[in-house]
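The shown structure was predicted, so the numbers you read here are calculated from the model rather than taken from an experiment.
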Amino acid sequence: MTDGAWSATRPGLAPREVATHCPYCALQCGMTLREDDTGVSVHPRQFPTNRGGLCQKGWTAAELLDHPERLTTPLLRDPTTGELRPASWDAALDRVVTGIRAIQQDAGRDAVAVFGGGGLTNEKAYALGKFARIGLRTRHIDYNGRFCMSSAAAAGMRAFGIDRGLPFPLADLGRADTLLLVGANPAETMPPLVRWLTEQRRGGGRLIVVDPRVTATARQADLHLQPLPGTDLAVANALLHIALTEGWVDRSYVAERTTGFEAVRRSVAAWWPARAEQLSGVPVADLEETARALGTGGRVIILTARGAEQHAKGVDTVTAYVNLALALGLPGRDGSGYGCLTGQGNGQGGREHGQKADQLPGYRRIDDPAAREHVAGVWGVPADELPGPGVPAYQLLDSLGTPDGPRALLVFGSNPVVSAPRASRIEGRLRDLDLLVVADLLLSETAALADVVLPTAQWAEEDGTMTNLEGRVLRRRALRPPPPDVRTDLDIISALAARLAPDEAAATEAAARFPADPAAVFAELRRASAGGIADYAGISWARIDDDGAYWPCPTEDGPDTPRLFTERFATPDGRARFHPVDHRPAAEEVCSAYPLHFTTGRVLAQYQSGTQTRRVPALRRAAPEAFVELHPDLAARLGIDDGDPVRVTSRRGELCAPARLSAGIRPDTVFAPFHYPGAGRANSVTNDAVDPISGMPEFKICAVRVAKA
């Protein structure tokens with residue numbers, strides 16, 4: 001790709017540039033932004049994660065800065081016409097505060113809820129969690145990262161005592177002898193990562209991919225396992241069964257560094273390869289070849305991603321692969337280990353500092369008395385004033401506007417109308433609210449339903465920090481200030497906190513308690529996280545100016561932690577925990593009325609709910625609309641030709657989009673990308689069954705029927 005300068009011209013502007021990071025995925029690729037009187041241009045830089053590379057989304061990231069659809073003034077819904085109309089900040093904030101006060105006075109503090117996003121900076125995620133708990137005094141806060149990393153996070157916590165996507169530097173992938181990717185398609189979701197896969201294979205390593213589709217990543221693999229969606233857990237148990245049978249388990253590692261292995265050994269005894277083949281469709285020979293590569297491969301890495309995790313048994317599925325990694329002695333060994341690929345730009349940091357329903361900053365549990373005392377002390381409030389745990393994202397969204405649920409919702413950095421499962425139902429819940437407030441830079445499908453829309457600054461217009469998939473904390477730098485009538489999320493939170501105060505003196509105190517300066521917020525975040533699992537106490541902005549620093553990092557003059565588990569795990573006794581897990585069917589199985597499996601995923605040119613990328617011309621041309629991918633044999637049986645309009649129907653809803661025929665998908669499965677609204681909205685179809693531990697919805701499998709529209 002070539003570097004194309006962009007944007008409205010600014011005659012006479014003094015040229016300037018800033019080193020920052022891409023606003024999209026969790027690689028957080030390094031880039032330099034340059035602005036002069038011809039506009040803003042993007043230039044890749046030599047940062048450890050991308051080493052000078054960018055994907056098409058990164059190259060075009062600056063095109064949104066002066067986009068004609070950008071929100072540049074608050075919007076209020078006219079009670080007479082029902083239309084959103086421009087308003088002043090005073091009018092917009094007064095409407096929000098008046099509504100919150102009335103609703104909480106009538107129905108209690110928990111009648112107001114907050115929904116955040118995995119793209120918010122660490123400072124904003126921290127401030128949002130703090131605002132919910134001591135500004136609004138509500139227990140109801142969660143975020144869209146619940147739909148991304150929650151299953152892997154829960155599995156990591158119960159096995160290792162810590163949740164960090166990659167417990168080793170990304171560069172380790174490039175020197176692995178065997179690399180197993182389960183439910184991951186980085187060639188489309190984070191393309192610069194593929195250079196590490198290329199390096200790995202050039203060095204003689206083997207790449208094995210587990211995916212129901214022949215994705216762009218699977219086409220690069222030495223071996224591709226193509227299981228039925230929802231059977232990854234059975235595959236993992238069969239791999240461990242083979243490793244035990246063949247004597248590839250690292251018995252000394254298991255004895256010295258783990259507990260609970262005997263129960264897992266007994267549980268996988270029943271998962272002989274032929275049984276797994278019958279269930280998953282993966283041939284015995286491929287299972288045996290994979291187990292051999294893992295068990296004899298030297299440096300071995302196992303990675304999971306959303307394909308394995310977005311299930312109602314996602315925690316158990318990830319646990320099965322963690323069990324496999326522990327049995328082979330991988331975690332903590334140089335060049336080996338288990339990890340998961342974080343999706344959203346700050347999916348890691350966003351869940352560490354208070355957006356999750358059950359967590360306080362530093363990855364502390366909100367029901368832990370010592371954690372409450374520590375954080376309350378930093379915040380200057382009594383610990384007993386902090387609310388208790390809330391409910392996970394889908395449960396929260398599904399309760400909106402109901403008799404026992406919140407009547408108001410504040411949304412920052414998320415678009416649940418497109419991204420939530422059973423999206424038509426959630427759209428209805430949002431319409432039932434007494435007050436919906438959305439802070440965003442564009443009029444997303446969720447913002448279009450709001451009573452109040454607050455325009456926010458973009459990534460290149462504010463300072464802050466992000467934490468990438470390695471647990472590396474990075475500096476995001478502002479190139480320029482936001483437009484005159486646009487505010488940062490920190491400004492908005494500070495203003496709301498002050499206006500909610502009962503008098504002028506209290507308002508001054510509230511504004512000081514919720515500073516709009518990101519440097520001040522980060523300084524407080526460091527104190528709040530100190531001593532926690534995700535300890536940022538030793539990470540200053542100055543320290544991360546160049547290549548960042550890895551948490552935990554408890555002291556400014558001490559080391560950070562690029563590699564976890566080299567000596568001990570983050571459990572009380574320092575040992576990792578095995579947990580026996582068994583396969584169970586999907587929450588919804590196929591039947592005569594709904595005979596096909598439906599799964600979702602991403603495409604190269606779009607990102608998340610598409611609010612931003614669908615407005616970039618080059619990305620829109622590359623992937624302009626939703627589609628339904630079917631195997632040619634299935635299409636022939638249904639009388640569908642390539643490009644025909646297709647209707648996919650589940651028990652919850654339907655989507656309509658053109659057919660795309662591909663021999664790379666199983667004949668019993670259909671696929672659609674989830675980036676699109678309207679008739680092509682994939683999440684109109686998906687199942688809202690959730691994992692009992694993580695609250696993760698079952699995005700990756702449900703039962704459908706397909707017909708020509």
Side-chain angles (χ1 to χ4, degrees), residues 74-80 82-84 87 91-117 128-144 146 354-358 366 385-417 419-440 444-454 489 492-493 495-497 499-502 688 695:
L75 303 175
L76 283 180
R77 192 163 301 279
D78 188 311
T80 303
E83 296 179 353
L84 286 170
L93 294 173
D94 283 347
R95 171 72 181 92
V96 176
V97 170
T98 300
I100 289 172
R101 282 176 171 161
I103 289 167
Q104 289 191 323
Q105 183 174 358
D106 181 58
R109 296 190 184 278
D110 289 342
V112 177
V114 176
F115 198 78
L128 196 60
K130 179 182 176 183
F131 174 68
R133 290 174 174 117
I134 67 170
L136 297 172
R137 301 278 296 279
T138 179
R139 71 185 180 97
H140 285 309
I141 177 171
D142 212 76
Y143 81 130
N144 63 16
R146 180 74 65 173
Q355 287 192 96
K356 286 181 79 172
D358 58 350
I366 199 169
E385 288 189 6
L386 297 181
V391 296
Y394 185 77
Q395 186 178 343
L396 173 60
L397 294 172
D398 194 39
S399 70
L400 298 174
T402 64
D404 297 324
R407 289 166 43 185
L409 180 69
L410 281 64
V411 179
F412 288 77
S414 189
N415 186 17
V417 167
S419 63
R422 203 171 188 176
S424 298
R425 180 185 180 103
I426 298 307
E427 182 176 344
R429 292 283 187 260
L430 292 169
R431 293 181 185 276
D432 289 340
L433 287 167
D434 295 344
L435 176 66
L436 175 60
V437 181
V438 176
D440 212 327
S444 70
E445 288 72 22
T446 302
L449 303 179
D451 300 290
V452 184
V453 181
L454 304 175
D489 290 327
I492 293 169
I493 292 169
L496 289 174
R499 286 171 181 258
L500 284 166
D688 56 349

**Prompt:** Looking at CZ of F115 and CG of L396, how far apart are the two atoms once the value is rounded to the nearest 0.5 Å?
**Reply:** 7.0 Å
**Asked** Minimum heavy-atom separation for P406 to H140, with atom names?
**Response** CG-CD2, 3.8 Å
**Asked** Would D489 and L128 satisfy side-chain contact (heavy atoms from CB on, under 4.5 Å), going step by step from the backbone distance to the final call?
**Response** CA-CA 9 Å; D489 290 327; L128 196 60; over 6 Å; no
**Item:** R77 and V452, any side-chain heavy atoms less than 4.5 Å apart
**Value:** no
**Prompt:** Backbone N or O of A113 within a donor-acceptor pair of the T138 side chain at under 3.5 Å?
**Reply:** no
**Message:** Which heavy atom of A92 sits nearest to which heavy atom of L76, and what is that distance?
**Reply:** CA-CD2, 4.0 Å
**Separation between CG of D688 and CD of Q395, rounded to the nearest 0.5 Å** = 11.5 Å
**Message:** Measuring from atom CD1 of I103 to atom CG of L136, what distance do you get when rounded to the nearest 0.5 angstrom?
**Reply:** 11.0 Å
**Request:** Take K356 and Y143 through the side-chain contact (heavy atoms from CB on, under 4.5 Å) test and state the conclusion after the steps.
**Result:** CA-CA 6 Å; K356 286 181 79 172; Y143 81 130; 3.5 Å; yes
**Prompt:** Do D110 and R137 have side-chain heavy atoms sitting under 4.5 Å apart?
**Reply:** no
**Request:** For the pair R407 and D106, find out whether any cationic side-chain nitrogen is under 4.0 Å from an anionic carboxylate oxygen.
**Result:** yes
**Validation row: V453, L84 side chains within 4.5 angstrom (heavy atoms)** = yes
**Asked** I366 and P387: which non-hydrogen atoms are nearest, and at how many Å?
**Response** CD1-O, 3.4 Å
**Message:** Could you check whether R499 pairs with D94 (Lys NZ or Arg NE/NH1/NH2 to Asp/Glu carboxylate O, under 4.0 Å)?
**Reply:** yes
**Message:** Quick one, L400 and D432 - any side-chain contact, counting heavy atoms below 4.5 Å?
**Reply:** no
**Item:** Close side-chain approach of V438 to L436, heavy-atom, < 4.5 Å
**Value:** yes
**Asked** Taking atom OG of S414 and atom CG of L409, what is their separation to the nearest 0.5 Å?
**Response** 9.5 Å
**Message:** Minimum heavy-atom separation for V417 and L449, please, with both atom names.
**Reply:** CG2-CD1, 3.7 Å
**Prompt:** Looking at CZ of F131 and CG of L500, how far apart are the two atoms once the value is rounded to the nearest 0.5 Å?
**Reply:** 5.5 Å
**Prompt:** Taking side chain as C-beta onward, heavy atoms only, is I134 less than 4.5 Å from E385?
**Reply:** no
**Message:** Would you say N415 and E445 are linked by a side-chain donor-acceptor pair, where the criterion is simply a distance under 3.5 Å?
**Reply:** yes
**Request:** Calculate, to the nearest 0.5 Å, the distance between atoms CG and CG belonging to D434 and D451 respectively.
**Result:** 8.5 Å
**Item:** Minimum heavy-atom distance A393-D142, with the two atoms named
**Value:** N-OD2, 3.2 Å
**Fill in**
Residues G413 and N144: closest non-hydrogen pair is O-ND2, 3.6 Å
**Message:** Could you check whether any side-chain N or O of R139 sits under 3.5 Å from a backbone N or O of P389, counting only pairs where one atom can act as donor and the other as acceptor?
**Reply:** yes
**Request:** Mark yes or no for whether T402, through its side chain, and S399, through its backbone, hold a donor-acceptor pair below 3.5 Å.
**Result:** yes
**Message:** Among V437, L435, L430, exactly one meets side-chain contact (heavy atoms from CB on, under 4.5 Å) together with L433. Which residue is that?
**Reply:** L430
**Message:** Do L496 and V97 make a side-chain contact, defined as non-hydrogen atoms from C-beta onward lying under 4.5 Å apart?
**Reply:** yes
